[in-house]
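Here is the structure we will look at.
Residues take their numbers from the sequence shown, with the count starting at 1. Keep in mind the model is a prediction, meaning the values are calculated, not measured.
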Amino acid sequence: MLEVSHLTVQYGAIRGVDDISFSVKEGEIVTLIGANGAGKTSTLRAISGLNKTSPETSIKFMGQEISNQRAHNIVKMGLCHVPEGRRIFYDMTVSENLYMGAYTSSNSAQVKKNLERAYTLFPRLKEREHQLGGTLSGGEQQMLAIARALMTGGKMVLFDEPSMGLAPIIVRDIFSIIKELREEGVTILLVEQNANMALTIADRAYVMETGKITMSGDARDIKNDGNVKKAYLGA
């Protein structure tokens with residue numbers, strides 16, 4: 001579903017992402033793990049059309065080249081992004097935030113269906129649909145950010161640090177939702193500081209260090225690797 005080849009993201013003289021290649025198959029959960037500054041967020045932003053990439057970069061989504069596409073066109077194609085830090089609209093209500101997620105769709109019946117799905121996945125958002133986004137708890141804001149992305153009706157979701165700053169019980173809820181989405185047929189690329197949780201739910205994993213992919217394989221094998229345990233799992 002997603003094929004990334006020779007992805008390079010440059011910040012002045014610094015290569016935030018340095019010539020990496022990886023793929024995500026339809027129906028998979030694939031995780032990118034690594035320390036802060038490894039290039040994970042830059043990778044997701046490049047895929048979404050938010051970061052400029054080098055000329056040799058190729059990013060194909062469902063067989064179509066998207067590396068030169070604008071971000072809103074990539075959303076229309078079915079690839080959506082739950083950004084780091086949630087980035088909801090604080091002065092808009094929950095329902096207004098959700099409708100903003102559907103701005104690329106002209107099919108009102110589908111938008112209504114996606115809204116019902118969002119409220120089914122996150123009943124707490126239904127209870128707070130007229131409440132301003134900025135008044136929600138951190139966990140509720142993260143739910144809103146995920147639900148807003150799902151309003152696009154996308155076939156694939158990029159998650160950037162969905163557990164950041166959340167209580168453990170909320171983190172479990174968020175990861176349960178991610179697994180549920182995969183069961184519904186949504187393909188997922190997950191960036192997550194909580195490497196243990198990410199490797200537990202993922203099918204495959206890539207380890208990033210200073211802009212490069214240094215390890216890849218089955219998520220269970222990566223989780224059991226001694227170096228990974230020492231560096232990322234506190235073992």
Side-chain angles (χ1 to χ4, degrees), residues 1-4 7 17 20-34 38-50 59-64 66 71 74-87 98 101 114 117-118 120-122 139 141-164 166 170-208 213 215-223 232:
M1 179 163 278
L2 180 71
E3 187 173 358
V4 177
L7 171 60
V17 182
I20 68 170
S21 300
F22 65 94
S23 63
V24 182
K25 298 175 185 177
E26 185 173 359
E28 280 191 314
I29 297 178
V30 171
T31 187
L32 297 177
I33 66 169
K40 307 183 302 299
T41 290
S42 293
T43 297
L44 294 195
R45 287 177 58 84
I47 294 168
S48 295
L50 299 172
I59 304 171
K60 291 183 178 179
F61 176 61
M62 298 180 67
Q64 187 169 346
I66 63 170
I74 293 173
V75 173
K76 286 181 180 180
M77 294 168 67
L79 181 60
C80 55
H81 190 157
V82 181
E84 181 181 19
R86 299 147 201 165
R87 304 294 291 273
L98 294 177
N114 291 343
R117 177 191 183 213
T120 299
L121 280 171
F122 300 104
Q141 288 183 10
Q142 185 63 69
M143 293 174 191
L144 181 56
I146 295 171
R148 181 182 59 187
L150 298 179
M151 287 294 292
T152 67
K155 302 175 182 68
M156 181 172 182
V157 182
L158 312 181
F159 284 93
D160 195 357
E161 304 287 6
S163 77
M164 182 181 288
L166 302 182
I170 303 298
V171 172
R172 288 195 293 272
D173 290 343
I174 295 296
F175 273 80
S176 293
I177 290 295
I178 292 173
K179 289 193 291 184
E180 189 172 338
L181 291 174
R182 194 266 295 274
E183 289 165 6
E184 292 181 4
V186 178
T187 302
I188 291 163
L189 178 59
L190 171 66
V191 162
E192 177 53 58
Q193 279 290 108
N194 188 332
N196 187 53
M197 289 284 286
L199 292 170
T200 297
I201 70 167
D203 299 295
R204 292 188 301 113
Y206 295 88
V207 179
M208 287 191 73
I213 290 175
M215 188 182 300
S216 64
D218 183 276
R220 285 171 293 184
D221 294 338
I222 297 289
K223 186 177 180 181
Y232 305 111

Do [X] and [Y] have side-chain heavy atoms sitting under 4.5 Å apart?
X: Asp218; Y: Lys223; answer: no
X: Phe159; Y: Ile174; answer: no
X: Val157; Y: Leu190; answer: no
X: Ser163; Y: Gln193; answer: no
X: Ile47; Y: Phe61; answer: no
X: Val207; Y: Tyr232; answer: yes
X: Arg204; Y: Ser23; answer: yes

Going from [atom1] on [X] to [atom2] on [Y], what distance comes out if it is rounded to the nearest 0.5 angstrom?
X: Asn196; Y: Ile201; atom1: CG; atom2: CD1; result: 11.0 Å
X: Leu199; Y: Ile33; atom1: CG; atom2: CD1; result: 4.5 Å
X: Leu158; Y: Ile74; atom1: CG; atom2: CD1; result: 9.5 Å
X: Thr200; Y: Glu192; atom1: OG1; atom2: CD; result: 11.0 Å
X: Ser42; Y: Leu7; atom1: OG; atom2: CG; result: 9.0 Å
X: Ile222; Y: Arg220; atom1: CD1; atom2: CZ; result: 12.5 Å

Report the residues that fulfil side chain to side chain contact (heavy atoms under 4.5 Å, CB included) with [X], sequence neighbours left out, ordered by chain and then residue number.
X: Lys60; value: Glu3, Ser58, Glu65
X: Gln141; value: Arg86, Ile88, Tyr90, Leu136
X: Ser21; value: Ser5, His6
X: Ala202; value: Ile29, Thr31, Ala219

**Message:** Using modelled atom types and a 3.5 Å cut-off, is there a donor and acceptor pairing between side-chain atoms of Lys40 and backbone atoms of Gly34?
**Reply:** yes
Heavy-atom pair of closest approach, residues [X] and [Y]:
X: Ile178; Y: Pro162; result: CD1-CG, 4.2 Å
X: Ala147; Y: Leu98; result: CB-CD2, 3.5 Å
X: Leu166; Y: Gly139; result: CD2-N, 3.5 Å
X: Ile59; Y: Ala46; result: CD1-O, 3.8 Å

**Asked** What residue pairs, at least two apart or across chains, pass ring-ring contact (aromatic ring centres under 6.0 Å, His included) with a residue in residues 171-192?
**Response** none
Using the test salt bridge (charged side-chain N to carboxylate O under 4.0 Å, His left out), find all partners of [X] that sit at least two apart in sequence or belong to another chain.
X: Asp173; value: none
X: Arg45; value: none
X: Arg87; value: none

**Asked** For Phe22, which residues count as a ring pair (Phe, Tyr, Trp, His ring centres under 6.0 Å) partner, sequence neighbours excluded?
**Response** Tyr206
Could you tabulate the donor-acceptor pairs under 3.5 Å formed by side-chain atoms of residues 180-189, not counting sequence neighbours?
{"from": "Arg182", "atom 1": "NH1", "to": "Asp203", "atom 2": "OD1", "distance (Å)": "3.2"}
{"from": "Arg182", "atom 1": "NH1", "to": "Asp203", "atom 2": "OD2", "distance (Å)": "2.6"}
{"from": "Glu184", "atom 1": "OE1", "to": "Arg117", "atom 2": "NE", "distance (Å)": "3.2"}
{"from": "Glu184", "atom 1": "OE1", "to": "Arg117", "atom 2": "NH2", "distance (Å)": "2.7"}
{"from": "Thr187", "atom 1": "OG1", "to": "Gly27", "atom 2": "N", "distance (Å)": "2.7"}

**Message:** Under the salt bridge (charged side-chain N to carboxylate O under 4.0 Å, His left out) definition, can you give me all pairs with a residue in residues 143-161, not counting sequence neighbours?
**Reply:** none
Side chains of residues 75-84: which donor-acceptor pairs under 3.5 Å do they make with residues two or more places apart or in other chains?
{"from": "His81", "atom 1": "ND1", "to": "Ser48", "atom 2": "OG", "distance (Å)": "2.7"}
{"from": "Glu84", "atom 1": "OE1", "to": "Thr41", "atom 2": "OG1", "distance (Å)": "3.3"}

